[in-house]
Amino acid sequence: MREVALVGAGQTKFGDFPQKGIKELFAEAYAEMLSSVDKGLDPRVIDAAYVGTLGSGGFQLGQVAPLLTGHVGLTGIPSVRVENACASGGFAVFQAVLAVASGVHDVVLAAGVEKMRDLSGEKSRYWLGVSGDTEYERLAGMTFAGIYAMIAARYMEEYSVDRKYLSMVAVKNHANGVRNPKAQMRKAVALEKAMGAPDVAYPLNLYDCSPTSDGAAAVLVVAAERAHEFTDRPVYVLGFGAGSDYLAVHDRETITSFKASVEAAGRAYEMAGLGPEDVDLAEVHDCFTIAELIAYEDLGFAPRGGAPRLLEEGVTELGGQKPVNASGGLKAKGHPLGATGVSQVAEVFLQLRGQAGDRQVRDPKVGLTHNVGGSGGTATVFLLGRD
Amino acid sequence: MGAHISVPMYQRTVPQRYRLVANACTQCGAISFPPKATCPQCSVGREFTPVELKGTGVVYTYTVIAGGGAPPEFTAQARSRGRYPVVMVALDEGPKVVGQLVDCDPEDIRIGMRVRAVMRRIYVEEEVIRYGFKFRPA
């Protein structure tokens with residue numbers, strides 16, 4: 001297997017952009033990725049493209065990848081849409097890494113895009129429900145927030161955890177979002193306010209949920225042996241892994257851990273020859289606050305039931321030992337489904353190169369990204385490092 | 001599969017919706033619900049005998065969906081009755097299922113409480129009433 005590196009990354013601001021469709025968002029992220037390549041990039045060297053998108057709202061159901069790559073002038077290459085709900089972006093990067101590691105391609109674009117803010121509230125609730133086992137979950141009147149709420153209620157019961165810890169995730173990630181010019185929510189929130197927000201699905205309230213967002217992100221994945229043609233500061237893919245599970249949470253033996261995440265992380269750590277203790281910063285999938293607590297445990301940052309203690313001790317804050325979601329995470333940076341997993345990789349790329357501005361983590365050497373599809377049906381984990 | 005459950009899709013699962021018909025694996029005896037092509041317990045069994053579950057069990061976890069957050073097909077219900085609880089039930093035979101909880105104040109729900117399945121109207125779509133199981137305190 002060949003070594004793989006990242007040499008460019010870009011993303012749009014996440015948020016509400018009535019003037020921009022998926023083509024405009026994609027082109028903007030692509031242009032920023034191009035200009036981030038230190039020694040310049042002639043787009044004609046790109047061998048293939050993988051584009052993650054769920055296609056929320058059914059804006060474009062077929063051949064969306066060539067539609068977008070054609071829009072930026074990339075024609076002739078294999079261009080494929082990758083879909084695994086909220087992990088579509090992570091799996092786009094995963095496919096790009098596989099394509100380069102296999103030796104088939106040298107320079108591959110991995111991107112993701114989603115347009116969610118054009119939808120009415122009702123249509124949005126309709127589309128957000130399509131990534132679970134709709135035949136059974138949906139007929140019980142369940143929503144996506146409802147599934148994570150059930151997970152939260154069970155977690156709180158199994159480990160006697162106060163709901164305060166859910167809100168502490170929101171407070172931390174909102175504080176980080178203030179420092180990220182690309183974030184959708186750039187507003188700090190006090191713990192009392194986060195705890196007192198109206199319920200969406202008990203025990204989750206409004207501040208436990210990530211927003212709906214428009215946005216796109218793109219990264220350039222290349223063979224490590226060619227990385228120095230593009231930059232003197234490549235970021236290396238030290239390990240990568242992916243996993244899956246039953247889509248329906250009721251089919252799983254436990255719901256306070258995601259098998260897909262555990263499998264993905266295990267494979268990534270093993271490939272890199274690293275453990276959780278080696279990770280200097282992480283971007284994890286906090287679509288709902290409970291998901292960040294579970295991620296700490298699935299990724300090995302804390303033992304089972306130990307996530308609240310990491311929050312209590314400030315370990316995962318921006319100035320802590322192991323900052324998590326320095327970007328603001330899905331909670332504050334925003335969650336344009338297909339773009340999210342790619343944006344996480346773009347964030348760690350910036351952090352490892354010391355280009356993260358006000359939210360820069362001090363001298364990180366190893367960063368982790370963790371992207372989850374739906375309520376744990378799929379997951380990807382990447383371990384990234386620098387020279 | 002979309003969020004929309006068409007009449008044919010619904011019809012195929014009527015034995016599960018109306019009578020909680022599960023699969024008993026002929027290899028290992030494990031009971032699975034909803035039925036799957038391969039036994040989730042032994043991972044090899046692909047032949048099953050149908051068994052009807054009793055519908056009794058305990059609340060494994062739950063949520064209370066706020067009225068404003070209901071999926072479109074449940075907005076009529078939410079409009080008339082407000083927030084509604086949904087429970088995941090660990091059935092006595094082993095499988096877990098989700099369904100709405102009726103005849104219970106959301107404040108009184110506890111993980112571990114005993115419930116039993118009852119036949120209820122779920123919603124109306126395409127002018128066809130969909131019936132299925134909900135739960136009520138046992």
Side-chain angles (χ1 to χ4, degrees), chain A residues 55-56 58 61 119-158 197-206 209 245-256 288 290 375, chain B residues 1-6 9-10 12-13 16-17 32-34 36 40-41 59-75 77-78 83-91 94-101 106-107 109-112 120 122-123 125 130-135:
Chain A
S56 49
L61 290 175
L119 299 175
S120 66
E122 178 163 322
K123 243 189 155 178
S124 188
R125 284 195 301 280
Y126 177 84
W127 276 93
L128 286 179
V130 301
S131 301
D133 185 341
T134 49
E135 231 179 335
Y136 283 90
E137 290 173 345
R138 188 61 170 256
L139 267 156
M142 280 290 268
T143 59
F144 208 51
I147 294 170
Y148 272 96
M150 280 190 168
I151 292 169
R154 182 74 199 178
Y155 183 90
M156 288 160 67
E157 173 84 8
E158 278 183 19
D199 275 348
V200 170
Y202 173 86
L204 299 183
N205 70 37
L206 197 58
C209 309
D245 199 359
Y246 294 115
L247 232 52
V249 285
H250 56 82
D251 282 336
R252 303 179 195 163
E253 208 160 305
T254 175
I255 63 168
T256 52
F288 296 93
I290 180 63
S375 41
Chain B
M1 189 189 302
H4 171 60
I5 309 293
S6 68
M9 269 176 80
Y10 189 81
R12 283 192 288 270
T13 58
Q16 282 70 46
R17 312 275 179 210
S32 54
F33 184 91
K36 290 180 185 52
Q41 189 63 41
V59 172
Y60 182 78
T61 187
Y62 71 100
T63 181
V64 185
I65 307 286
E73 58 275 31
F74 289 92
T75 43
Q77 175 191 334
R83 62 181 184 157
Y84 59 89
V86 184
V87 289
M88 185 185 295
V89 176
L91 296 171
K96 293 195 283 281
V97 294
V98 289
Q100 291 190 27
L101 183 70
E107 307 302 326
I109 307 170
R110 296 287 177 269
I111 288 176
R120 284 288 188 277
I122 307 289
Y123 59 69
E125 210 174 36
R130 315 297 176 90
Y131 295 102
F133 57 84
K134 292 187 181 182
F135 289 91

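FYI, side chains are in, hydrogens and waters are out, and symmetry mates aren't considered; it's all heavy atoms of this structure. Throughout, a chain's letter reflects where its sequence line sits, starting with A, and its residues are numbered from 1.
- B:Arg17 meets the salt bridge (charged side-chain N to carboxylate O under 4.0 Å, His left out) test with no other residue; sequence neighbours excluded.
- Considering all non-hydrogen atoms of both residues, B:Tyr60 and A:Glu253 come closest at OH-O, 3.7 Å.
- A:Asp199 and B:Arg83 are not joined by a salt bridge, as no carboxylate oxygen comes within less than 4.0 angstrom of a charged side-chain nitrogen.
- Residue B:Pro34 comes nearest to A:His250 through the heavy atom pair CD-CE1, 3.6 Å, listed as atom of the first residue, atom of the second, then distance.
- Heavy-atom distances place the side chain of B:Ile122, and not its backbone, under 4.5 Å from chain A.
- Of the atoms belonging to B:Val87, it is backbone heavy atoms, and not side-chain ones, that fall under 4.5 Å from chain A.
- The heavy-atom pair separating A:Gly141 from B:Ile65 by the smallest distance is O-CG1, 4.0 Å.
- Note on ring orientation: taking the six-membered ring where Trp is involved, the planes of B:Tyr62 and A:Tyr202 are parallel (angle under 30°, cut-offs 30° and 60°).
- The closest side-chain heavy-atom distance from A:Tyr136 to B:Thr13 is below 4.5 Å.
- The part of B:Thr75 that comes within reach of chain A is its side chain, from C-beta onward, which places non-hydrogen atoms under 4.5 angstrom from that chain.
- If you measure heavy-atom distances from A:Ile255 to chain B, the contacts under 4.5 Å come from both the backbone and the side chain.
- Heavy-atom distances place the side chain of B:Tyr84, and not its backbone, under 4.5 Å from chain A.
- At a 4.5 Å heavy-atom cutoff, the contact between B:Val97 and chain A is made by backbone atoms alone.
- Judged by distance alone, the side chain of B:Thr61 and the main-chain N or O of A:Met150 form a donor-acceptor pair under 3.5 Å.
- For chain A, no part of B:Pro95 is nearby; none of its heavy atoms comes within less than 4.5 Å.
- Neither the backbone nor the side chain of B:Lys134 comes within contact range of chain A, judged by heavy atoms closer than 4.5 Å.
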